Amino acid sequence: MKSHIQDLVSQALQQLASDGTIPADAIPTPMIERARDRQHGDFASNIAMVLAKVARCRPRDLAEKLVAAMPESSLVAKSEIAGPGFINFFLSDDTYHALIPEIMQQGHAYGRSNHGENKKVQVEFVSANPTGPLHVGHGRGAAYGATVADLLEAIGFEVHREYYVNDAGRQMDILATSVWLRYLSLCDEAFAFPINGYKGDYIWEIAASIKQEHGETYKHSAEAVFADITADEPDGGDKELHIDALIARAKSLLEENRYRYIFELALNNILDDIRDDLAGFGVTYQRWYSERSLTDSGAVNRAIERLRSSNYLYKKEGALWFRSTDFGDEKDRVVVRENGQGTYFASDIAYHMEKMERGFDRVIDVWGADHHGYIPRVKAALEALGDDPSKLDVLLVQFANLYRDGKKVQMSTRSGSFVTLRELRQEVGRDAARFFYVMRKCEQHLDFDLDLAKSESNDNPVYYAQYAHARVCSVLRQAGDKSIDITPTPGIENLDRLTESHEQLLLISLSRYPEIVEAAALNEEPHQLCHYVRELASEFHTYYNASHFLVEDAALRDGRIKLILAVRQVLKNGLNLLGVSAPESM
RNA sequence: GCCCCCGUAGCUCAGUUGGAUAGAGCAAUCGCCUCCUAAGCGAUAGGUCGGACGUUCGAAUCGUCUCGGGGGCACCA
């Protein structure tokens with residue numbers, strides 16, 4: 001609809017350009033927007049005010065000429081000039097009536113489009129370190145990234161969802177060592193667990209599985225493990241040096257193969273858990289991309305070589321630095337440490353280089369807001385590599401605060417309050433969690449009200465919207481019970497009976513759905529869809545209370561049934577795009 | 001100190017990319033079930049869009065400054 005109006009205005013502009021009323025060299029694409037006020041019709045354009053200056057005439061006069069030059073259209077009943085020079089378009093009733101059979105025919109495809117022209121977009125999200133179960137903070141990135149990906153897919157992009165697995169580096173060694181130490185405890189060795197080790201229950205579980213399967217194969221005495229190890233923090237030492245020494249000891253005592261075994265077991269265990277957790281959240285990926293594979297495949301070396309050959313690297317204090325300040329970063333960054341190991345940043349350069357090599361038209365990274373300082377250096381690296389940094393979009397997601405009984409739930413690994421995504425899902429359910437997480441703009445701090453998410457009342461937007469869907473289903477069931485024939489007639493038959501204001505408003509809302517999906521996708525703003533779904537549900541509930549659907553008058557009943565079938569379809573499409581189910585009864 | 005995000009009704013937030021008289025939901029007050037699910041609906045009240053200056057036909061929206069809140073500034077990931 002919108003694009004049709006846009007065409008009409010464009011044609012009128014061409015017409016005025018050819019007779020010299022406006023300069024032909026600067027014809028913009030006219031901006032068409034939904035009228036806010038019903039009295040202003042359905043769509044409005046400000047084009048006359050925009051062009052008044054170059055056309056050297058008053059906005060309203062220009063608007064007059066545009067309306068006169070506008071081609072006839074069966075969709076438009078009339079167009080008016082109003083206010084300082086707006087052109088308001090009033091659509092014909094037929095236009096809205098035709099919408100109903102269109103929605104029914106397209107079904108789940110209504111609202112989808114090919115706007116993206118199958119361009120390839122990669123969305124990388126969550127990518128939490130596989131050192132433990134997903135945190136409630138990761139949940140927002142998961143819900144947000146998944147919804148943005150689904151939205152982009154809905155408007156015709158070819159979407160590739162990816163999870164970057166940080167399976168290399170010190171944190172993973174700490175994990176493997178933590179598991180091994182817990183295993184030793186299970187073998188009745190007594191010692192103080194390092195303050196910097198991973199202390200969660202899941203570490204015990206993994207350790208126990210090793211014990212169960214392999215007995216004491218991996219056992220070494222506590223004396224051997226802790227001999228000459230630098231003291232931990234509680235003993236007046238340094239916790240970092242302490243854990244590093246323990247890692248080194250684990251590697252030497254276990255030797256390569258056995259250390260590897262525990263390392264891999266811990267990694268795969270946790271990764272399986274994360275995968276399972278996300279799947280239960282309706283979040284799936286095309287690929288889990290291993291950081292280690294970047295080293296193994298030589299991508300990291302290749303990236304460093306490319307930077308070196310373009311003279312963006314230099315040695316200082318034993319380390320290899322990337323001159324990111326050449327591209328606006330605050331300071332230069334180390335890519336290879338003094339000890340010869342590549343930094344996390346080096347892997348990330350390789351990863352993003354590789355993303356570009358894979359030919360994505362656009363790359364979206366969803367990060368926690370605390371990583372924002374990281375953006376300039378990654379963009380700098382892409383630029384230094386000769387790639388186009390504007391292809392990379394980094395979306396920062398602010399943290400979510402949980403509230404229970406009106407009080408903020410303190411979240412630290414220590415506190416007893418729940419912290420995992422799995423626990424959140426168990427408490428409030430998948431639907432509420434998915435919806436609440438994307439209800440706000442991503443850069444907005446999110447107050448997640450657990451009590452509200454669980455409440456079965458109209459205060460809860462998820463239930464409210466789902467209930468509207470269930471209500472339509474319920475009405476149809478009632479009709480069946482009463483043996484009322486509700487098989488809808490084809491086409492636009494009887495839709496002219498929908499003359500009430502609530503019905504008009506619903507038709508308008510239904511017609512807006514594709515525009516909402518497109519805007520939500522292009523702006524990476526799922527919350528727009530949340531608001532829309534809530535509004536549509538609200539309009540339906542109002543209608544429900546104001547009018548009976550299963551009326552005696554068969555033609556009127558048919559019109560209304562067709563309308564609420566369409567409402568049901570759009571509610572379902574919208575909810576599903578948000579990863580929320582559309583139940584048939586509640 | 002430098003950088004990023006946020007200040008809109010008592011609370012939580014929208015605001016169609018600069019448009020017409022700033023909107024929802026809670027909470028408050030008053031109503032609506034012999035009738036398709038009251039898990040619902042209607043009505044009333046509530047505002048100097050943090051502040052100042054600027055940009056133009058027009059600013060909650062853009063720019064500069066300022067005040068308040070949050071976050072970030074590793075040879076960690």
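Just so you know, these numbers use all the heavy atoms, side chains as well, and skip hydrogens, waters and symmetry mates. A, B, ... follow the sequence lines: proteins, then strands. Residue 1 opens every chain. Note that the structure is a prediction, hence the values are computed from the model and not measured.
- Here the side chain of A:Lys53 is nearest to one of B:A77, B:C13, B:U56, namely B:U56.
- In this structure, the side chain of A:Arg60 engages the main chain of A:Gly83 through a donor-acceptor pair within 3.5 Å.
- The listed nucleotides are B:A39, B:C36, B:A77; the one nearest the side chain of A:Tyr374 is B:A77.
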Checklist entry - In dot-bracket, 5' to 3', how would RNA chain B read with Watson-Crick or G-U wobble pairs under 3.5 Å, [ ] for crossing ones and | for pairs to another strand? => result (((((((..((((.....[...)))).(((((.......))))).....(((((..]....))))))))))))....

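- A distance-only check finds a donor-acceptor pair linking the side chain of A:Lys379 to the backbone of A:Pro389 [under 3.5 Å].
- Contacts of A:Tyr464 classified as ring pair (Phe, Tyr, Trp, His ring centres under 6.0 Å), with partners at least two apart in sequence or in another chain: A:His541.
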Atom pairs, protein N/O to nucleotides 32-34 of chain B N/O, distance under 3.5 Å:
none

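- A salt bridge links A:Asp244 with A:Arg170: at least one charged nitrogen is closer than 4.0 Å to a carboxylate oxygen.
- Look at A:Asp332 and A:Lys316 and you find no salt bridge, because none of the NZ, NE, NH1 or NH2 atoms lies under 4.0 Å from a carboxylate O.
- If you check every strand for non-hydrogen atoms under 4.0 Å, A:Arg471 touches sugar and phosphate atoms only.
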Item to check | Test side chain to side chain contact (heavy atoms under 4.5 Å, CB included) applied to A:Ile364 and A:Glu524, step by step | outcome: CA-CA 10 Å; A:Ile364 295 175; A:Glu524 290 118 0; 3.8 Å; yes

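- Side-chain nitrogen and oxygen atoms of A:Thr343 include none within less than 4.0 Å of the OP1 or OP2 phosphate oxygen of B:A74.
- The nucleotide whose nearest atom lies closest to any side-chain atom of A:Gln478 is, among B:U12, B:C75, B:C36, B:C36.
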Next on the checklist: Generate the contact string for nucleotides 20-27 of chain B. Rules: B means base contact, S means sugar-phosphate contact only, - means no protein heavy atom under 4.0 Å.
Outcome noted: B----SSS

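- Using a 4.0 Å heavy-atom distance criterion, A:His527 is classed as a sugar-phosphate-only contact.
- Residues forming a ring pair (Phe, Tyr, Trp, His ring centres under 6.0 Å) with A:Phe263 (at least two apart in sequence, or on another chain): none.
- Within the structure, every pair that satisfies the side-chain hydrogen bond (donor to acceptor under 3.5 Å, both in side chains) test and touches residues 38-57 of chain A, not counting sequence neighbours, is listed here: A:Asp42-A:Tyr96.
- Residues A:Lys441 and A:Glu525 are not paired through a salt bridge, judged by the lack of any N-O separation under 4.0 Å between the basic side chain and the carboxylate.
- Ranking B:C36, B:A77, B:C75 by closeness to the A:Glu317 side chain, first place goes to B:C75.
- Taking only side-chain atoms of A:Asp447, from C-beta outward, the nucleotide of B:C75, B:C36, B:U12 with the closest atom is B:U12.
- Scored by the ring pair (Phe, Tyr, Trp, His ring centres under 6.0 Å) test, A:Phe86 finds no partners at all (sequence neighbours excluded).
- Taking only side-chain nitrogens and oxygens, A:Tyr543 never comes nearer than 4.0 Å to OP1 or OP2 of B:C36.
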What pairs of nitrogen or oxygen atoms, one from the protein and one from nucleotides 4-6 of chain B, lie under 3.5 Å apart?
unit_1 : atom_1 : unit_2   : atom_2 : d
B:C5   : O2'    : A:Glu443 : O      : 3.0

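- Listed in residue order, the members of residues 322-334 of chain A having a heavy atom less than 4.0 Å from RNA chain B are A:Glu330, A:Lys331, A:Val334.
- A:His445 meets the side-chain hydrogen bond (donor to acceptor under 3.5 Å, both in side chains) test with no other residue; sequence neighbours excluded.
- With no hydrogens or angles considered, no side-chain donor-acceptor pair links A:Glu535 and A:Ser509 at under 3.5 Å.
- Partners of A:Glu584 under the side-chain hydrogen bond (donor to acceptor under 3.5 Å, both in side chains) rule, at least two apart in sequence or in another chain, do not exist in this structure.
- Using a 4.0 Å cut-off between charged nitrogen and carboxylate oxygen, A:Glu124 and A:Lys355 count as a salt-bridge pair.
- Between A:Leu556 atom CG and B:C36 atom P the separation is 18 Å, expressed in whole Å.
- Judged as a ring pair (Phe, Tyr, Trp, His ring centres under 6.0 Å), and not counting sequence neighbours, A:Phe435 has no contacts.
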